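By convention here, the first residue in the shown sequence is residue 1. Below, each value reflects all heavy atoms present in this structure, side chains not excepted, and no hydrogens, waters or symmetry copies. Keep in mind the model is a prediction, meaning the values are calculated, not measured. First listed ligand is number 1; within each ligand, the first listed atom is number 1.
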Amino acid sequence: MVSRNDKQAVTVVKEVAMQVPLLDLKAQYATIKDEILAAVSEVLESQRCIGGPKVVELEEKVAALSGCKYAVGVSSGTDAILNSLMSLRIGAGDEVITTPFTFFATVGCIARVGATPVFVDIEPRTFNIDAKLIESVVTEKTKAIMPVHLFGQMADMDPIMEIANKHKLAVIEDAAQSISSTYKGRKAGSVGTAGCFSFFPSKNLGGIGDGGMVVTNDQQLCEQLIIMRDHGSKTKYYHKYVGANFRLDPIQAAALLVKLPYLDGWSEARRRNAAYYDGKFAGTVVQAPYVRDDCKTIYNQYVVRVPRRDEAVAHLRNNNIGCEIYYPVPAHLQECFEYLGYVRGDFPETERAAEEVLALPIYPELTDEMKDFVAEKLISFLG
Ligand SMILES: Cc1ncc(COP(=O)(O)O)c(C=O)c1O
């Protein structure tokens, strides 16, 4: 017979033992370990350590997955953006319109090519760039718009493309967090001039190190991207342009080729987890993510809005629940961008989001018990 006290003790032990990391890559690795080791070993045995068939195969498959004609493997998502800007010859004196509510790389790359980032505020429900605000900041210096498909959901691309076509601007989709996500049935990366993916390990399609890819339907741009990822050289040792080493490591390509067939299933599991959380948060103060009717998100992150956010973060972490703030400091308030002249108050929705957002564990291997634990700890704390 188990006494009431024993039962309570069991419950307490269970609760203390429960740990929910923000992401558990070991859980994923355990399911594909043999395949990854075999694929990596194949590259090592071949000693094709730069470029080669694995990179080409991945490029073909990611192009097909994204509904694009061409794909160019590069060394990271950051370099996908950098190479796109360089290949489109965007630089000093040019302006690129983007969102201040993004990972640093989006804006960092614009600055690194010598162009000026020009911000507009976000649409508060999706956290993506507010397309209605873009046209008011277009000038004769504007060369491109860089929407970011944040957290797995695509930005409102139709009005963005309309403005771009009207003013003859390039559109570089920062799709680092949104591979295979859709907007009106169209895949991330396939709507604009170029689409940039990141294979950072925490992405839905993550490598075993850094990696990235640019997709495009523009053959000339594809050729330029290939030249620029190899120090601006088409013929060895003859440099028409100043490029860089943006090459994708074939070991990363091999690992990504193993993972690619699982991507849709993993994203589907994330959507199921999100629906489960959505049900738990309905009618509480926790505001679940909003997904547009015409979009299919891949939930690279499940980001809620909560009151007393910083206290909630501390409470979750004290209970062994991993969570993160994406992003606590908007780009226009970063020290390195002071020279742009923006001040607090310029982008109120972005600034409010930075104070309210909270990313919860959403990875495919989460159990219902783990999701219950996360949701209950958050709801009970916020009251
Ligand atoms: C929105 C966004 N842009 C760009 C990047 C840069 O990608 P990477 O880390 O592969 O350089 C990331 C990834 O962290 C990102 O989330």
Side-chain angles (χ1 to χ4, degrees), residues 22-23 25 58 62 71-86 96-113 117 119 122 126-129 144-155 157 160 171-181 183 188-189 192 194-215 225 229 244-249 251-253 255-256 259 267 270 289 297-303 324-332 334 336-337 350 353-354 357 359 362-363:
L22 182 62
L23 177 66
L25 286 174
L58 185 70
V62 170
V72 179
V74 289
S75 30
S76 66
T78 304
D79 290 341
I81 299 169
L82 200 53
N83 194 356
S84 298
L85 287 161
M86 289 167 74
V96 179
I97 300 169
T98 191
T99 163
F101 196 57
T102 180
F103 177 61
F104 180 79
T106 316
V107 188
C109 290
I110 297 170
R112 265 190 67 190
V113 296
F119 299 121
I122 55 166
T126 60
F127 302 110
N128 281 328
I129 193 165
I145 305 171
M146 199 184 297
V148 179
H149 305 320
L150 207 63
F151 305 144
Q153 175 163 230
M154 287 178 70
M157 291 304 291
I160 293 173
V171 174
I172 302 169
E173 296 175 58
D174 180 343
Q177 303 182 3
S178 294
I179 191 164
S180 211
S181 175
Y183 167 88
C196 302
F197 298 128
S198 162
F199 301 133
F200 187 80
S202 67
K203 300 297 192 267
N204 288 38
L205 181 63
I208 51 175
D210 280 311
M213 198 161 282
V214 185
V215 289
L225 288 161
R229 86 172 158 186
N245 175 0
F246 292 138
R247 295 183 296 260
L248 176 64
D249 180 345
I251 288 185
Q252 298 308 325
L256 290 160
K259 291 190 177 194
S267 295
R270 284 168 181 263
T297 174
I298 62 160
Y299 282 112
N300 182 238
Q301 302 296 345
Y302 181 87
V303 176
E324 199 47 84
I325 299 165
Y326 303 118
Y327 295 94
V329 184
H332 69 288
Q334 292 288 351
C336 65
F337 294 132
T350 294
V357 288
I362 191 70
Y363 61 90

Checklist entry - Should Gly77 be counted as touching ligand 1, given the test is an N or O pair under 3.5 Å? => result yes
Item to check | CZ (Arg247) with more than 12 external heavy atoms under 6.0 Å | outcome: yes
Checklist entry - Considering only heavy atoms of Thr78, which atoms of ligand 1 have at least one such atom less than 4.0 Å away? => result 6 (C), 7 (O), 8 (P), 11 (O)
Item to check | Exam field: side chain Asn204 to backbone Ile298, donor-acceptor pair closer than 3.5 Å | outcome: yes
Next on the checklist: Parallel, tilted or perpendicular, judged at 30° and 60°: which one describes the rings of Phe151 and Phe127?
Outcome noted: perpendicular
Checklist entry - Closest non-hydrogen protein atom to atom 14 (O) of ligand 1, residue and atom name please, with distance? => result Lys203 NZ, 2.9 Å
Next on the checklist: Strictly distance-based, threshold 3.5 Å: is any side-chain N or O of Thr106 a donor or acceptor partner for the main-chain N or O of Phe103?
Outcome noted: yes
Checklist entry - If you measure every N/O of Asp174 against every N/O of ligand 1, is any gap under 3.5 Å? => result yes
Checklist entry - Given Ala80, Gly108, Ser198, Ser178, which one has a non-hydrogen atom that is nearest to atom 10 (O) of ligand 1? => result Ser198
Checklist entry - Does Val148 approach ligand 1 within less than 4.0 angstrom via side chain, backbone, both or neither, non-hydrogen atoms only? => result side chain
Next on the checklist: Below the 3.5 angstrom mark, is there an N/O of Gln177, backbone or side chain, next to an N/O of ligand 1?
Outcome noted: yes
Checklist entry - Taking side chain as C-beta onward, heavy atoms only, is Val171 less than 4.5 Å from Pro147? => result yes
Item to check | Contact atoms of ligand 1, heavy-atom distance to Ala105 under 4.0 Å | outcome: 4 (C), 5 (C), 6 (C)
Item to check | Per-atom contacts, ligand 1 versus Ala176 - under 4.0 Å to a heavy atom | outcome: 2 (C), 3 (N), 4 (C), 5 (C), 12 (C), 15 (C)
Item to check | Candidate with minimal heavy-atom separation from atom 12 (C) of ligand 1, of Phe103, Phe151, Phe104, Tyr326 | outcome: Phe103
Next on the checklist: Can a donor-acceptor pair be found, under 3.5 Å and without considering hydrogens, that links the side chain of Asn83 to the backbone of Leu225?
Outcome noted: yes
Item to check | Residue that, paired with Met213, satisfies side-chain contact (heavy atoms from CB on, under 4.5 Å) out of Leu58, Ile179, Asp79, Val72 | outcome: Leu58
